[in-house]
Number of protein chains: 2
Amino acid sequence: MNREEKLTRIFEAALRVFARYGYRRTRVEDIADELGMTKGNLYLYVKDKRDLYEKAVAQGLLRWQAMVGRSIEKIDDVCDQFLTMGRKSYAYLSRDVSLRTVLINDPSIFPLSSREDQFSEINRASMDMLRSVLTRGIQEGRFREVDVDHLTELLYSIYVMFIIKTYVKSEGKSTQKMFEQGLDIILHGLLKR
Amino acid sequence: MNREEKLTRIFEAALRVFARYGYRRTRVEDIADELGMTKGNLYLYVKDKRDLYEKAVAQGLLRWQAMVGRSIEKIDDVCDQFLTMGRKSYAYLSRDVSLRTVLINDPSIFPLSSREDQFSEINRASMDMLRSVLTRGIQEGRFREVDVDHLTELLYSIYVMFIIKTYVKSEGKSTQKMFEQGLDIILHGLLKR
DNA sequence: GATGAAGTGAACAAAATGTTCAAATTTTCA
DNA sequence: TGAAAATTTGAACATTTTGTTCACTTCATC
């Protein structure tokens with residue numbers, strides 16, 4: 001197993017354990033145990049406990065992002081692509097228990113103000129994905145010629161709000177309905193008639 | 001609120017928190033927080049953390065015992081009493097989440113060998129309840145004239161084994177069926193024909 | 001079997017936690 | 001009301017836990 005794979009495993013295990021006990025109550029040794037190694041060895045891969053946490057979360061977020069990327073890359077119709085991107089992104093956390101739990105214990109992972117964003121690079125990439133779909137829609141003459149940058153920010157903020165409402169505050173079913181409805185309205189708002 | 005009530009509340013809260021985090025990961029301060037007091041104050045009520053744990057568990061066990069006691073005290077028919085005692089005792093943990101969780105994290109609470117029993121006094125009282133039902137059955141001429149002391153120990157051991165199988169190892173539904181069946185067979189074994 | 005990479009476990013410093021207690025606060029009751 | 005008793009606090013202290021480092025061992029590769 002090369003270093004890359006090893007890192008992946010370490011962050012997977014770390015995320016599981018952080019989800020189980022919360023940041024403060026997990027010891028570096030708990031994670032080492034989960035991996036069947038000693039804690040000293042972990043320090044060949046990360047700087048300190050905080051670093052381990054942040055990289056574990058980052059890997060979780062990237063995994064999420066990659067999944068959405070894969071699910072839209074082969075879609076021809078840009079409207080379909082927009083809807084799928086929204087639905088897949090939104091639904092993802094219902095399946096990733098560890099990441100969801102960590103997010104619940106540490107909502108600062110998803111900052112409402114992008115100034116205090118610990119994962120700004122990742123979030124920027126997510127926004128890029130959204131932006132590129134919007135741009136494509138415009139270029140193909142399907143979407144109205146809106147200000148892409150501002151709209152991207154707006155839609156991303158709405159999306160984050162839904163994630164928080166649904167998974168952190170767990171306002172369940174009705175929020176899901178609202179999301180579907182919102183997606184539909186926004187797509188119609190985008191479309192040229 | 002008098003000292004008695006206060007102690008009850010403290011042990012209730014402690015059991016909840018110990019269930020949530022496990023013994024090692026709960027801080028005395030977590031329990032104080034749950035009670036809205038400072039940790040220093042807790043030491044007016046218990047000797048140390050271990051003492052707090054043991055008394056919290058003990059209170060949980062006594063609550064269980066009391067519930068069973070109440071549920072059989074007004075039953076006239078001794079067979080009915082025997083069955084009810086078994087069923088209520090066995091089913092109790094499915095409702096007491098805290099006690100169940102603590103038991104799962106610390107199975108030594110229910111010792112298979114009574115020599116290493118931290119709660120021997122409580123278990124002895126439970127066995128007394130069982131013994132008194134058996135004795136009554138014999139005195140009324142309903143049960144065969146068995147050796148009550150040995151039978152009490154035997155039945156209690158079987159009962160503890162079922163508790164462990166069901167709630168610690170969570171071997172669910174099929175174990176429940178087995179318990180019902182076992183109860184039926186034992187009662188028939190006891191009855192004079 | 002020499003070389004570098006990976007891993008260990010003991011040592012240490014720093015942080016967290018358990019425990020005590022003098023002082024502050026609240027309650028009790030004459 | 002106001003003094004005495006009971007309760008609670010919060011800071012201080014001792015102990016334990018935990019994060020982090022590193023000299024050394026083990027393992028893998030050539």
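Numbered from 1 within each chain, the chains take letters A, B, ... in sequence-line order.
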Quiz item: B:Tyr45 side chain: which of C:dG7, C:dT8, D:dT8 is closest?
Solution: D:dT8

Quiz item: Using the benzene-type ring in the case of Trp, are the ring centres of A:Phe162 and A:Tyr159 under 6.0 Å apart?
Solution: no

Quiz item: Of all the choices, C:dT8, D:dG19, C:dG18, which nucleotide is nearest to the side chain of B:Val28 once you look at every atom?
Solution: C:dG18

Exercise. Could you work out which one of C:dT17, C:dT19, D:dG19 sits closest to the side chain of B:Tyr43?
Key: C:dT19

Quiz item: For A:Lys49 and D:dT21, what is the distance between atoms NZ and C1' respectively, to the nearest whole Å?
Solution: 18 Å

Quiz item: Within this structure, what is the CG-to-C1' distance between B:Asn41 and C:dT25, rounded to whole angstrom?
Solution: 12 Å

Exercise. Name all residues meeting the side-chain contact (heavy atoms from CB on, under 4.5 Å) criterion together with A:Glu4; count only those two or more places apart in sequence or in a different chain, and write none if there are none.
Key: A:Asn2

Practice problem: Choose from D:dT8, C:dG18, D:dT9 the nucleotide whose nearest atom is closest to any side-chain atom of B:Lys6. | Solution: D:dT8

Quiz item: Above 12 or not: heavy atoms from other molecules or residues under 6.0 Å from CZ of B:Arg131?
Solution: yes

Exercise. Tell me which of A:Lys39 and A:Leu44 sits closer to the 5' end of DNA chain C, going by the nucleotide each one is nearest to.
Key: A:Leu44

Quiz prompt | Note: A:Asp30-B:Arg25 ion pair, threshold 4.0 Å (strictly below) | solution = yes

Quiz item: Nearest to the side chain of A:Arg24, which nucleotide is it out of C:dT19, C:dT17, D:dG19?
Solution: C:dT17

